[in-house]
Amino acid sequence: MLQLQAIRENTPAIAKALSKRNIDAQPLLDKVLQLDEERRATQTRLDAVLAESNALSKEIGMLYKSGETEEANRLKTQTAQIKEDSKTLGETLSDTSRALEEALYLIPNTPHESVPKGSGSEDNEEVFREGEIPVLGKDALPHWELAKKYDIIDFELGVKITGAGFPVYKGKGARLQRALISYFLDRNTGAGYQELQVPHLVNEASGYGTGQLPDKEGQMYQLKEDALYLIPTAEVPVTNLFRDILMEKKDFPLRYTAYTPCFRREAGSYGAHVRGLNRLHQFDKVEIVRVEHPQQSYQALEGMVEHVKTLLRELKLPYRILRLCGGDMGFTAALTYDFEVYSTAQERWLEISSVSNFETYQANRLKLRFRDEHKKTQLAHTLNGSALALPRVLAGILENYQTSKGILIPEVLVPYTGFDLID
RNA sequence: GGAGGAAUGGCAGAGUGGUCGAAUGCGGCAGUCUUGAAAACUGUUGAGGGUCACACCUCCGGGGGUUCGAAUCCCUCUUCCUCCGCCA
């Protein structure tokens with residue numbers, strides 16, 4: 001969440017930045033400011049009452065020690081009113097604090113200055129494009145047809161055992177998937193990201209830490225008997241490793257990578273756009289996460305973008321990079337670059353990575369701080385990106401690498417698959 | 001699943017009702033010594049709220065209670081450890 005102090009000191013600047021998201025944040029900011037004032041006023045009054053109570057208790061203690069029991073007992077009679085006052089003020093304080101926190105949760109992150117204003121995907125800005133789009137024959141098939149033709153992904157089988165959006169990968173399809181995971185992890189660790197294996201279920205506190213809760217509760221699968229959620233991305237468990245941490249400046253940077261399955265309810269959309277691998281309820285993803293000093297975070301973001309570029313370059317997939325506009329950017333991000341692979345048979349771009357800087361937005365919820373050179377505690381910056389999300393990369397490979405003989409395997413993956421053709 | 005024990009500052013670890021926000025050690029920071037570094041020695045060092053700055057307030061796993069007063073007593077939840085049982 002945004003820092004209260006920043007809202008207090010720079011209200012107009014924050015409202016202006018938020019307007020890029022195509023929302024009018026002024027009413028929310030006003031509410032926060034009002035609750036903040038109320039909270040502090042109550043706190044001041046409560047503090048005064050507590051100070052009086054503490055002084056009185058101390059005095060009673062000393063009187064008992066010196067044997068002046070009578071006087072002590074007399075003072076005790078004065079405490080009743082104080083207790084009552086502190087109780088009611090304490091209740092008001094916790095109510096106000098909770099309301100303030102809830103109001104803060106409703107305000108999204110302020111977009112970085114480079115983020116274009118806009119309401120949806122049509123306002124995103126293409127900043128980079130690379131790779132050749134292959135020319136396919138007239139008989140070129142979309143990936144779901146190819147999957148069926150070569151019997152490597154079975155969507156109906158997934159429907160049978162679970163439901164729509166839970167495909168079963170078979171034979172060379174399964175092997176190719178595993179190859180991609182290994183390849184991505186190897187490339188990421190080679191670039192300095194430490195490999196982690198993390199839980200696929202997280203508790204409520206973790207959901208709040210990275211911002212999935214409270215606003216996106218409906219997008220996560222939730223367990224019935226335990227207060228746990230299936231992770232929608234490795235970002236949640238990995239970033240929450242650093243919840244309630246006070247770092248030293250020398251600990252920067254922290255760089256991690258993790259492969260996990262991701263679970264998303266994604267209710268709503270139907271039709272060709274969600275066909276095949278385009279949108280799933282369960283999919284595999286290799287994620288990279290960084291925790292950075294505020295002064296380094298944008299440099300780190302560029303580094304992550306460059307790294308993801310090399311992956312796509314090596315896979316020889318045509319892709320482009322978009323700088324998301326305010327309206328299309330996630331709730332918690334300050335700046336996001338989306339990577340899209342061109343799916344030749346479908347003739348459309350598919351998002352395969354999203355690389356974001358959250359600045360202090362997550363860190364504030366996480367209480368992820370570090371001690372700066374003046375020994376003051378400051379919030380760190382968190383970043384993450386997909387490197388990469390598997391299903392659409394797979395879709396891109398299947399469609400772009402299809403030939404009359406079968407589907408070729410990108411050269412860099414052959415050592416991982418052990419075969420160079422799916423036929 | 002049964003029986004016990006424990007949770008304290010960045011870390012380790014004392015503290016069983018009244019100047020305890022908390023000894024001590026490590027770590028961090030500053031200094032002395034040194035050409036420099038290490039070692040040694042000296043000093044300093046929890047977080048949050050609040051204030052121009054003080055004052056003041058909160059925090060000893062979470063929540064609740066007893067008391068004029070709780071790190072310390074009671075209840076409850078969570079987590080960890082030891083022993084027994086079961087099991088991949």
Side-chain angles (χ1 to χ4, degrees), chain A residues 1-9 32-104 197-209 213 223 225-229 237 240-254 291 293 360 362-380:
Chain A
M1 61 189 135
L2 295 180
Q3 290 175 266
L4 197 47
Q5 202 189 342
I7 295 179
R8 227 186 268 157
E9 289 167 3
V32 164
L33 288 170
Q34 184 214 324
L35 285 166
D36 175 47
E37 205 147 300
E38 269 177 53
R39 206 220 86 226
R40 281 186 293 159
T42 309
Q43 174 102 59
T44 306
R45 283 167 60 201
L46 177 62
D47 283 359
V49 172
L50 289 174
E52 198 184 338
S53 164
N54 288 344
L56 211 51
S57 292
K58 201 168 270 184
E59 204 177 333
I60 290 168
M62 292 198 294
L63 287 170
Y64 272 123
K65 234 173 205 173
S66 60
E68 297 169 68
T69 327
E70 217 168 285
E71 178 64 6
N73 286 332
R74 197 187 64 76
L75 284 185
K76 269 198 205 176
T77 61
Q78 294 181 15
T79 60
Q81 185 63 46
I82 291 177
K83 274 187 121 171
E84 204 183 307
D85 288 352
S86 74
K87 198 182 168 203
T88 47
L89 282 169
E91 279 163 6
T92 310
L93 181 66
S94 61
D95 288 349
T96 314
S97 302
R98 195 175 311 118
L100 175 60
E101 191 169 57
E102 279 165 10
L104 274 172
Q197 289 198 17
V198 291
H200 301 164
L201 296 173
V202 292
N203 57 30
E204 206 178 41
S206 295
Y208 275 95
L213 296 175
L223 298 202
E225 300 293 329
D226 300 276
L228 297 172
Y229 298 85
N240 271 282
L241 296 175
F242 308 100
R243 178 148 45 85
D244 290 318
I245 292 283
L246 181 54
M247 301 170 60
E248 296 298 333
K249 205 181 158 191
K250 63 173 161 58
D251 298 333
F252 291 115
L254 300 175
V291 178
H293 188 282
T360 60
Q362 291 183 328
N364 196 24
R365 290 192 181 185
L366 294 161
K367 293 197 178 64
L368 199 192
R369 300 157 302 162
F370 69 98
R371 234 188 279 274
D372 68 14
E373 53 273 29
H374 308 294
K375 292 188 182 178
K376 293 293 248 180
T377 59
Q378 256 193 72
L379 294 171

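We name chains A, B, ... by the order of the sequence lines, and we start the count at 1 in each one. As a basis for the values below, the full set of heavy atoms in this structure was taken, side chains included, without hydrogen atoms, waters or symmetry mates.
Remark: B:A7 base-pairs with B:U78; criterion is Watson-Crick or G-U wobble with both hydrogen-bond distances under 3.5 Å. In this structure, B:C83 and B:G2 make a Watson-Crick or G-U wobble pair, each of the two defining distances being under 3.5 angstrom. When both distances must be under 3.5 Å, the Watson-Crick or G-U wobble mate of B:U19 does not exist. Look at B:G69: it lacks any Watson-Crick or wobble partner with both distances under 3.5 angstrom. Within the shown strands, B:A40 is the pairing partner of B:U32 under the Watson-Crick or G-U definition, both distances less than 3.5 Å. Partner assigned to B:U24 is B:A12, using Watson-Crick or G-U wobble distances below 3.5 angstrom. For B:C54, there is no paired base (Watson-Crick or G-U wobble, both distances below 3.5 Å). The partner of B:G46, taking Watson-Crick or G-U wobble pairs whose two distances both stay under 3.5 Å, is B:C59.
Within 6.0 Å of the CD atom in A:E9, the count of heavy atoms belonging to other residues, nucleotides or ligands exceeds 12. Applying the 6.0 Å contact sphere to CZ of A:R243 captures more than 12 heavy atoms from other residues, nucleotides or ligands. The environment of A:E37 atom CD is sparse: at most 12 non-hydrogen atoms of other residues, nucleotides or ligands sit within 6.0 angstrom.
Among the atoms of the strands shown, none is found under 4.0 Å from any heavy atom of A:R45.
Between the side chain of A:T44 and the main chain of A:R40, a donor-acceptor pair closer than 3.5 Å is present.
Looking at heavy atoms from C-beta onward, A:R39 lies in side-chain contact with A:L93 at the 4.5 angstrom threshold. Using a 4.5 Å heavy-atom threshold, the side chains of A:T79 and A:L56 count as touching. At least one side-chain heavy atom of A:E204 sits under 4.5 Å from a side-chain heavy atom of A:L213.
For A:M62 and A:R8, each mapped to the nucleotide of RNA chain B holding its nearest heavy atom, the one lying further toward the 5' end belongs to A:M62.
Atom P of nucleotide B:G28 and atom CE of A:M247 are separated by 16 Å, given to the nearest angstrom. Regarding A:L100, its CG atom lies at a distance of 11 Å from the P atom of B:G50, rounded to whole Å. Separating the CG atom of A:D36 from the C1' atom of B:G49 is a distance of 11 Å, rounded to the nearest angstrom. Between the C1' atom of B:G48 and the CD atom of A:Q5 lies a distance of 13 Å, rounded to the nearest Å. Remark: P of B:G48 and CG of A:L93 are 18 Å apart, rounded to the nearest angstrom. Distance A:I245 CD1 to B:A47 C1': 14 Å, rounded to the nearest Å. Separating the NZ atom of A:K376 from the C1' atom of B:U45 is a distance of 14 Å, rounded to the nearest angstrom. Summarising the geometry, the separation between CD on A:E9 and C1' on B:C52 is reported as 14 Å, rounded to the nearest angstrom.
Here the separation of B:G13 from B:A7, taken at their C1' atoms, is 13 Å to the nearest Å. Remark: the separation of the P atoms in B:U78 and B:G46 is 35 Å, to the nearest Å. Rounded to a whole angstrom, the distance from the C1' atom of B:A23 to that of B:U45 is 16 Å. To the nearest whole angstrom, the two P atoms, one in B:C60 and one in B:A37, are 42 Å apart. Atom name P, nucleotides B:G69 and B:U58: the rounded distance is 12 Å, in whole Å. For B:A70 and B:A12, the P atoms lie 28 Å apart once the distance is rounded to whole Å. Taking atom C1' in both B:U8 and B:U72, one finds a spacing of 11 Å when rounded to whole Å. Only the P atoms considered, B:G4 is 15 Å distant from B:C74, to the nearest whole Å.
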| said: Each nucleotide in nucleotides 55-79 of chain B should get exactly one letter: B, S or -. Can you fill that in based on protein heavy atoms under 4.0 Å? | reply: -SSS---------BS----------
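Residues A:N203 and A:S206 have side chains that bring a donor and an acceptor to within less than 3.5 angstrom of each other.
Neither OP1 nor OP2 of B:U45 sits under 4.0 Å from any side-chain N or O of A:R371.
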| Could you go step by step and tell me if A:E71 and A:R74 meet the salt bridge (charged side-chain N to carboxylate O under 4.0 Å, His left out) rule? | CA-CA 5 Å; A:E71 178 64 6; A:R74 197 187 64 76; 3.1 Å; yes
